[in-house]
**Q** 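Could you have a look at this structure, given as structure tokens, before my questions?
Residue numbers begin at 1 in each chain, while the letters A, B, ... track the order of the sequences.
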Amino acid sequence: MSQSQVTVALAGNPNAGKTSLFNALTGARQHVGNYPGVTVDKKEGEARLDGEPINIVDLPGTYSLTAYSLEEVVARNYVIGQRPDVVVDVVDASNLERNLYLAVQLMELGVPLVIGLNMVDVAEQRGMKIDPDKLSELLGVPVVPTVARTGQGVQELLRAAVDLARQKPDWRPLDISYGADLDQAIAELAGILEGSTPRHGLISARWLALKCLEGDHEVLESMRQDQNLASRLEPVRQRVGEHLKSTLDDDPESVIADYRYGFLSAITRQALVLEREVRMDFSDKVDRVLTNRLIGPLFLLGVLYGVYQFVFWASKAPVAWLETFFGWLGGAVEATLPEGLLRSLIVSGVIDGVGGVLGFVPLIMFMFLAIAVMEDSGYMARMAYLMDRVLRVFGLHGNSVISLIVGGGISGGCAVPAVMATRTLKDPQARLATILVVPFMNCGAKLPVYSLLISAFFAHRQADVMFALTIISWTLALLAARLLRSSLLKGRQSPFVMELPPYRTPTLKGLLIHTWERTWEYVKRAGTILLAVSLVVWALMSFPGLSEQDEARFASLAAQAQGEEDQKEIANQKASAELGGTVAGRLGRALTVLTDPLGFDWRTNVALVGGLAAKEVIVSTMGTAYSLGQGAKKGADAEPLAKRLQDSPGWTPLSAFALLVFVMIYSPCIATLVTIRRETGTWRWPLFSMVHNTLIAYLMALLVYQGGRALGLG
Amino acid sequence: MSVVTLRELKPGQTAVVVKVTTGGELGRRLRDMGLVPGTPLKVIGRAPLKDPVEIKLRGYNLTLRNNEADHIMVEVEQGA
């Protein structure tokens with residue numbers, strides 16, 4: 001990248017078409033990263049103007065430049081710290097006043113600004129025509145009309161931005177009047193700041209003064225580093241605050257906002273050359289139906305069910321292909337390499353591990369496609385609107401519902417995309433609570449365990465038991481959320497206040513880009529850690545091997561064996577003994593101290609330990625532990641195992657039910673834990689999730705088993 | 001002319017914001033979304049359990065919870 005390459009930062013309100021513009025500018029030449037220390041996506045890309053590369057940075061969508069939300073802090077710090085050559089503010093022309101509120105704040109900061117007056121087509125449909133030249137003249141910055149979805153005006157906008165950047169203009173903060181009282185206070189504060197050490201860099205003293213009066217946490221914090229400075233600023237702040245309170249019964253913050261909006265209304269009134277009343281626009285008509293008291297919830301249920309069906313239907317074939325492929329690969333390696341540790345490492349460790357990562361990919365891809373459709377169409381916000389009242393009781397947010405369903409709320413989802421889907425939640429506490437309760441849902445990997453145990457012990461009441469499990473998982477998830485929100489995740493509720501964007505038809509390009517970048521992120525980030533952890537679990541279940549004595553014993557047994565059946569039986573017994581001797585096996589035996597009261601034997605314990613890697617492993621491990629060989633792998637052929645469990649003396653319907661409950665609740669699989677780590681930015685939450693869920697699982701299974709026995713059921 | 005809170009408005013009613021009686025994060029957020037004195041708004045509807053409420057202002061739709069609407073004092077327009 002050459003020194004002189006121009007950097008253009010895109011700012012704008014959510015739903016103003018910023019992402020469309022970014023996509024139109026950069027096409028496929030974009031990548032997603034992270035701002036240091038936070039989980040806000042940083043999207044960068046490259047545009048071309050006359051063959052020359054232009055660096056484009058997509059800032060998070062914000063309504064303002066205060067320091068309240070993470071997105072706003074990130075956007076502001078980028079503009080101040082990195083000083084892009086020019087900022088393009090994407091403004092929704094059909095919603096001009098509110099969108100320009102951000103533009104005014106960028107102008108107050110003084111950054112070289114170009115306004116992309118986007119969605120002029122929508123504005124015209126809604127009866128508004130804006131004169132871009134007039135608007136430019138009034139604001140004092142270039143204004144270029146665009147329709148980013150179709151690409152109209154995008155090159156002109158880029159040219160205007162690059163032209164401005166090439167002039168290398170100084171930062172010229174906009175001075176608007178906030179009324180006599182505040183103007184005077186700002187001048188006074190700015191005077192003090194200007195006299196102080198110039199360590200606030202190139203930021204204007206006036207802007208800092210304004211932020212002081214607005215009570216901006218970040219700016220105040222940095223001022224307080226300097227005791228001397230703070231002691232001179234504070235009295236002015238207090239004085240003007242008290243003065244406004246007594247004269248206007250208001251605070252500086254809201255007076256400043258009022259003046260900003262006043263400034264803007266005057267401008268928009270002049271720039272609006274045509275405005276006719278449109279009786280009721282399309283979006284409001286759709287809303288009449290989709291948020292109707294009766295139709296709304298039914299439609300929502302239909303959408304959720306449809307999404308769920310679509311995702312699992314569409315990913316079924318690709319998941320099967322991947323499974324077949326990895327099965328074939330494992331088989332091929334098995335056939336080429338001699339039996340031994342290396343073969344086991346490659347087949348059970350690496351191939352199964354990578355298979356475990358990639359096996360999720362189609363599921364995640366279609367899930368993100370479905371989420372992108374809901375987001376881009378505007379329905380996601382309606383979902384939050386409809387569900388908020390119900391979920392709020394449990395300390396969750398309207399948008400939590402999507403994650404709970406994807407996680408297996410109807411049964412058969414997956415917690416990995418569910419945890420990733422919580423990104424649409426703006427309330428950080430509610431988001432964390434959602435992440436932590438999603439694993440209670442009945443994901444697809446738990447189903448083989450359910451079907452094994454249900455067919456063995458509840459053959460006549462399959463549907464009833466499945467339904468009971470679904471009810472239990474929802475009840476527990478909601479109660480756990482409530483509990484978390486009133487203990488660990490206490491604290492203030494973030495405002496719900498949310499825009500309901502107009503309904504739009506999503507563009508194919510936008511959907512594909514969204515889906516691709518999120519899917520790729522999963523593969524890249526989860527993949528490496530997941531593989532490493534799979535190897536650890538493999539090692540736990542492989543070492544140490546049988547002692548020489550036992551090897552010799554099985555060898556002699558095999559030599560004596562008559563016929564194929566006996567041979568197979570001995571091989572299976574050997575596998576069982578091998579597993580029993582490993583770290584995991586010993587752990588399983590040691591754990592019986594704890595699990596006896598739940599009715600689990602050591603074999604079940606080993607399977608549960610293996611289930612940490614992936615819940616699918618439970619059935620196959622039980623198969624090995626019960627000396628059935630790998631025949632029961634992946635639940636493909638669980639019948640002999642079900643038969644064997646029925647015949648085992650330790651097993652009763654009650655202990656089976658306790659195990660069902662335990663499997664439903666206990667520690668999320670590694671893929672989920674890694675995803676939680678990724679989404680929360682710390683290992684604290686996945687660790688918490690592991691311990692917390694296992695503890696609840698233990699208590700619930702204990703309750704079921706001991707309670708059942710007390711009632712004479714076992 | 002009567003001043004009430006936004007919570008008390010019925011769907012279809014129009015009103016003008018008189019005052020926002022909260023500061024902090026919520027106050028800031030409401031202002032960022034354009035709810036400042038003098039802003040006309042219209043109640044579009046309410047979610048099935050009567051909460052949150054959907055309003056239209058400055059040409060766009062906004063939803064907020066009833067306990068947030070409590071902080072917005074509005075003057076109901078005559079005849080609406």
**Q** Does this structure show an ion pair linking A/Arg76 with A/Asp216, if we count only N-O contacts that are shorter than 4.0 Å?
**A** yes
**Q** Of all of B/Gly59, B/Ala69, B/Gly34, B/Pro52, which one pairs up most often with chain A through heavy atoms under 4.5 Å apart?
**A**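 Result: the option with the highest number of such pairs is B/Pro52.
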**Q** Step by step, would you call B/Asn61 with A/Asp284 a side-chain contact (heavy atoms from CB on, under 4.5 Å)?
**A** CA-CA 9 Å; B/Asn61 297 40; A/Asp284 286 345; 3.1 Å; yes
**Q** Does the ring of A/Tyr101 carry B/Arg31 above it, NZ/CZ under 6.0 angstrom from centre and within 45° of its axis?
**A**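 No, cation not above the ring by the 6.0 Å, 45° rule.
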**Q** Could you check whether A/Asp249 pairs with A/Lys245 (Lys NZ or Arg NE/NH1/NH2 to Asp/Glu carboxylate O, under 4.0 Å)?
**A**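 Yes, this pair counts.
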**Q** Please check if any side-chain donor atom of A/Glu72 sits under 3.5 Å from a side-chain acceptor atom of A/Tyr63, or the reverse.
**A**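 Side chains of A/Glu72 and A/Tyr63: no pair found under 3.5 Å.
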**Q** Between B/Val53 and B/Thr63, is any pair of side-chain heavy atoms under 4.5 Å apart?
**A** no
**Q** Please name all residues satisfying ring-ring contact (aromatic ring centres under 6.0 Å, His included) with A/Phe299, sequence neighbours left out, ordered by chain then number.
**A** A/Tyr379
**Q** Give the C-alpha distance, both sets of side-chain angles, the deciding distance and a yes or no for side-chain contact (heavy atoms from CB on, under 4.5 Å) between B/Arg28 and A/Glu253.
**A** CA-CA 8 Å; B/Arg28 174 80 59 117; A/Glu253 215 183 324; 2.5 Å; yes
**Q** If you look at every heavy atom in B/Arg29 and A/Val497, which pair is closest and at what distance?
**A**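 So the two residues come closest at NH2-O, 3.0 Å.
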**Q** What's the spacing between A/Arg288 CZ and A/Leu290 CG if we round to 0.5 Å?
**A** 13.0 Å
**Q** What residues of residues 17-25 of chain B sit under 4.5 Å from chain A when you count only heavy atoms?
**A** B/Lys19, B/Gly24, B/Glu25
**Q** Which residues in residues 255-272 of chain A have a heavy atom less than 4.5 Å from any heavy atom of chain B?
**A**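 Answer by number: A/Ala257, A/Asp258, A/Tyr261.
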**Q** Identify, with sequence neighbours excluded, every residue that meets salt bridge (Lys or Arg N to Asp or Glu O under 4.0 Å) alongside A/Arg392.
**A** A/Asp388, B/Asp51
**Q** Quick one: pull up CG in A/Leu220 and NZ in A/Lys211 and give me the separation to the nearest 0.5 Å.
**A** 11.0 Å
**Q** Flag the one option from A/Arg98, A/Arg293, A/Arg389 with the top tally of heavy-atom pairs under 4.5 Å to chain B.
**A**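 Option with the top pair count is A/Arg98.
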**Q** So which of B/Arg46, B/Arg58, B/Arg65 has the biggest tally of heavy-atom pairs under 4.5 Å with chain A?
**A** B/Arg65
**Q** Checking heavy atoms, do the side chain of A/Glu97, its backbone, both or neither come under 4.5 Å from chain B?
**A**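 Side chain of A/Glu97 only, per the 4.5 Å heavy-atom cut-off to chain B.
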**Q** Pick from A/Asp251, A/Thr66, A/Asp287: which one has the most heavy-atom pairs with chain B under 4.5 Å?
**A**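 When all of A/Asp251, A/Thr66, A/Asp287 are compared, A/Thr66 has the most.
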